[in-house]
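Chain naming here is simple, since letters A, B, ... match the order of the sequence lines and numbering starts at 1 in each. For clarity, every value in this text was computed on a predicted model and none was experimentally measured.
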Number of protein chains: 2
Amino acid sequence: MKAQRKRANLRDVAAAAQVSVATVSRVMNAPETVAEKTRARVEQAMQELRWLPSAAARAINSGRTRFVGALVPTLEHDIFARVLAGLERQLASHRLSLVVATTDDDPRIEAEKAQGLIDIGAEGLMVSGMTHTPEFFGLIERGQLPAIAISCFDPDYRLPTIGYDNTAAARAALDHLADQGHRRIAVVHGPSNLNDRTRARIEALAGHRPEVDLVYHEVPLSIAGGCAAGQAVRTAAARTSAVLCLSDVLASGVLFELQRAGIAVPGQISLIGVDDLPGSEHLYPELTTVHLPVSRMGLAAADALAGWVETQTVPQPRLLEIELMVRASTGPPGRLNGQPAA
Amino acid sequence: MKAQRKRANLRDVAAAAQVSVATVSRVMNAPETVAEKTRARVEQAMQELRWLPSAAARAINSGRTRFVGALVPTLEHDIFARVLAGLERQLASHRLSLVVATTDDDPRIEAEKAQGLIDIGAEGLMVSGMTHTPEFFGLIERGQLPAIAISCFDPDYRLPTIGYDNTAAARAALDHLADQGHRRIAVVHGPSNLNDRTRARIEALAGHRPEVDLVYHEVPLSIAGGCAAGQAVRTAAARTSAVLCLSDVLASGVLFELQRAGIAVPGQISLIGVDDLPGSEHLYPELTTVHLPVSRMGLAAADALAGWVETQTVPQPRLLEIELMVRASTGPPGRLNGQPAA
DNA sequence: CTGAAAGCGCTAACAA
DNA sequence: TTGTTAGCGCTTTCAG
């Protein structure tokens, strides 16, 4: 037999079924307008030729590709995984797919990857935070591409933002500790040079409660980073009675490290986080933290993007509520300080 | 001025620049073959008309969409997030993008979403495990679509598999405990009815070490689930001296719960996991577990898929090494059992 | 109910 | 160096 040239197309199917291409197209898009018998014949031809519709050809006619892109710093952090989970689920309900790309918190990589997403036909973009290159804005503005920013909130920003108030989150944590009487607090945070959310949280602290001394520790944003911070805290600052972590992963690391050193939490040192990861409430002791509604943020972002893409409605910026979750890891300053028993 | 009808296309740009469409196309794809002056004129026209190339039109000519799809049970589990992180990074180096879809471990949802990914033009697919519907296989076989399965290994499977030996992983954990003298072990695992990897691990245990009694606890695959299991373990089984968790998240939950009950690990109860999450080695006590190379698996999957998509080379199945990581959470059976001090 | 034919936006021969 | 033109695979009028 003759070798099958390439993939079968509409014309091939039409020929095999002895109908016109229009009829084949109808069998796909409006089967009820095709006579039973003809339809059967066409369907059989499709089977036999193993025909599959070409997404590109469809897209070229409809002008739609049915997918949007999300640019996140990393997938290896629970926060973004949960945002994307919410985003994917909700986009699916709008019959949209999700393309993900990671930026390592580098605006230049972000711009490149955004270009890539646009090249393959993304109908809209979601980015994290408010640090973006002019090239990035150039891209989306040229294409008048729907794009929203998450994890932050500013109604005056160039992109519609959907997120929470990072300043308020950090201050809520500080207030909680200060109100309990802590006067010397170690602040543990991730890299601030490339992340505006972290920076916002750090800046929110300075001078907010003048009566307390703040000592900053910058570490990698990971459990391991938290452990490192934990060590630094217990060796360096004898009078420190509480640790404020700008992220729950860090808080977990600090906690494990303090436990390893035999320091009681919250007996000797109080510990508070920001994020409220799914595991935080199950830690021992249960972690006091500031809840950030990341799943809801994903959903909201999906609805906003989908609406924009489908009906050209530019979404309103949206501020999501945060909430202080007081649990077991904080209490009044202990008598003993960060000195291990040893 | 007249309202701009739709988006500008090549013809519009050509007209504005007073050249032919071919020249405009060349400015995009082979600028060096166009005279400096002409090129400038064309580029200006592009700017003015805010022209953007249509991904669909390109795809229809090249026959390529430059993206592949990944179907994972969920994004809210560290394992998949890390796999996808590796996958995305490596795909990017092949200039391929990644579309993600979640299945909730339901093969029917998987088939639907696979259809959706194919509809929008995915050039290849990555799925998790070996439980798939006939519809799914129908889809990929009709389209002769490159598709690989991860998190499992079986050279005879219908799809090329890239993963580790789940049976060996579970047995390595059991052996470690049994070798230390544990004779009654609680096995904690996630839902088994819909997850073949979990099932493989459970089945690997039965009769593997006849001298030990195994008591099974099925809980949701989360920290909270681990906590629930922890409670069950300490109330139900007085003679239990060790807990084997088929997943590190579960082990973390069990650990926190045991700590909450004042039970020493590994003093009174030993604890072992499977996965080796980034945080596991930093827990207190450091968790003994079986390392699963999920990042590498993501990379390998990316290379396999990219190769298949680009050069029609069907990849070889690939078995990745696992490794028992003996850390601080296991030891010989303690004298006291799961009864809290209270 | 079915078919002919005109595009959709772009690329790639082939000519000039 | 540039233009002409024929497609790519499909949808969609508009006529039968």
S.K.: We want to know whether B:T131 and B:D196 form a side-chain donor-acceptor pair, criterion being a heavy-atom distance below 3.5 angstrom.
M.R.: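 Side chains of B:T131 and B:D196: pair found under 3.5 Å.
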S.K.: Whole angstroms only, please: what is the CG-P distance between B:L49 and C:dC10?
M.R.: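 Result: 12 Å.
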S.K.: Atom CZ of A:R11 to atom C1' of C:dA4: distance rounded to whole Å?
M.R.: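 Nearest whole value for this atom pair: 13 Å.
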S.K.: Once you round it to whole Å, what is the distance between C1' of D:dA6 and CD1 of B:I60?
M.R.: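 Between C1' of D:dA6 and CD1 of B:I60: 14 Å.
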S.K.: Separation of B:M46 atom CE from C:dG9 atom C1', in whole Å?
M.R.: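 From B:M46 CE to C:dG9 C1': 13 Å.
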S.K.: What pairs with A:R318 under salt bridge (Lys or Arg N to Asp or Glu O under 4.0 Å), at least two apart in sequence or on another chain?
M.R.: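 With neighbours one apart ignored, the set is empty.
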S.K.: Under the rule for salt bridge (Lys or Arg N to Asp or Glu O under 4.0 Å), what residues qualify as partners of A:R64, not counting sequence neighbours?
M.R.: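 Expected list: A:E123, A:E310.
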S.K.: Could you tell me the separation between the OG1 atom of A:T74 and the CG atom of A:D104, rounded to the nearest 0.5 Å?
M.R.: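 A:T74 OG1 to A:D104 CG: 7.0 Å, rounded to 0.5 Å.
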S.K.: Looking at side-chain heavy atoms only, is the closest gap between B:L117 and B:L71 below 4.5 Å?
M.R.: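 Yes; the side chains approach each other to less than 4.5 Å.
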S.K.: Of the listed nucleotides (D:dC10, C:dC10, C:dG3), which one gets closest to any side-chain atom of A:S54?
M.R.: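 Per side-chain heavy atoms of A:S54, the pick is D:dC10.
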S.K.: Does anything in residues 36-70 of chain B pair up under ring pair (Phe, Tyr, Trp, His ring centres under 6.0 Å), and if so which pairs, sequence neighbours excluded?
M.R.: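 Matches after skipping sequence neighbours: A:F67-B:F67.
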S.K.: Between A:V83 and A:I150, is any pair of side-chain heavy atoms under 4.5 Å apart?
M.R.: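 Yes, at least one pair of side-chain atoms sits under 4.5 Å.
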S.K.: Just by protein heavy atoms under 4.0 Å, how would nucleotides 11-16 of chain C read 5' to 3' in B, S and -?
M.R.: BBB---
S.K.: Taking CG from B:D119 and P from D:dC10, how many angstroms apart are they, rounded to a whole number?
M.R.: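 It is 13 Å, rounded to the nearest whole Å.
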S.K.: Rounded to the Å, how far apart are B:N9 CG and C:dC10 P?
M.R.: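 These atoms are roughly 6 Å apart.
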S.K.: Let me know the distance between CZ of A:R64 and P of D:dT11, rounded to the nearest Å.
M.R.: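 The distance from CZ of A:R64 to P of D:dT11 comes to 15 Å, rounded to the nearest Å.
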S.K.: Between B:R41 (CZ) and D:dT1 (P), how many Å, whole number?
M.R.: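 Atom-to-atom, B:R41 to D:dT1, this comes out as 15 Å.
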S.K.: Can you give me the bend angle of the helix from C:dC1-D:dG16 to C:dA16-D:dT1? Use the axis through the first five pairs and the one through the last five, nearest 10 degrees.
M.R.: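 For the helix from C:dC1-D:dG16 to C:dA16-D:dT1, the axes at either end differ by 30°.
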S.K.: Report all side-chain donor-acceptor pairs from residues 29-36 of chain A shorter than 3.5 Å, counting only partners two or more places apart or in another chain.
M.R.:
{"from": "A:N29", "atom 1": "ND2", "to": "A:S25", "atom 2": "O", "distance (Å)": "3.1"}
{"from": "A:N29", "atom 1": "ND2", "to": "A:S25", "atom 2": "OG", "distance (Å)": "3.4"}
{"from": "A:T33", "atom 1": "OG1", "to": "A:A30", "atom 2": "O", "distance (Å)": "2.9"}

S.K.: Contact between A:R108 and A:T133 at the side-chain level, heavy atoms closer than 4.5 Å - yes or no?
M.R.: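 When only atoms from C-beta onward are counted, A:T133 and A:R108 do touch, with a gap below 4.5 Å.
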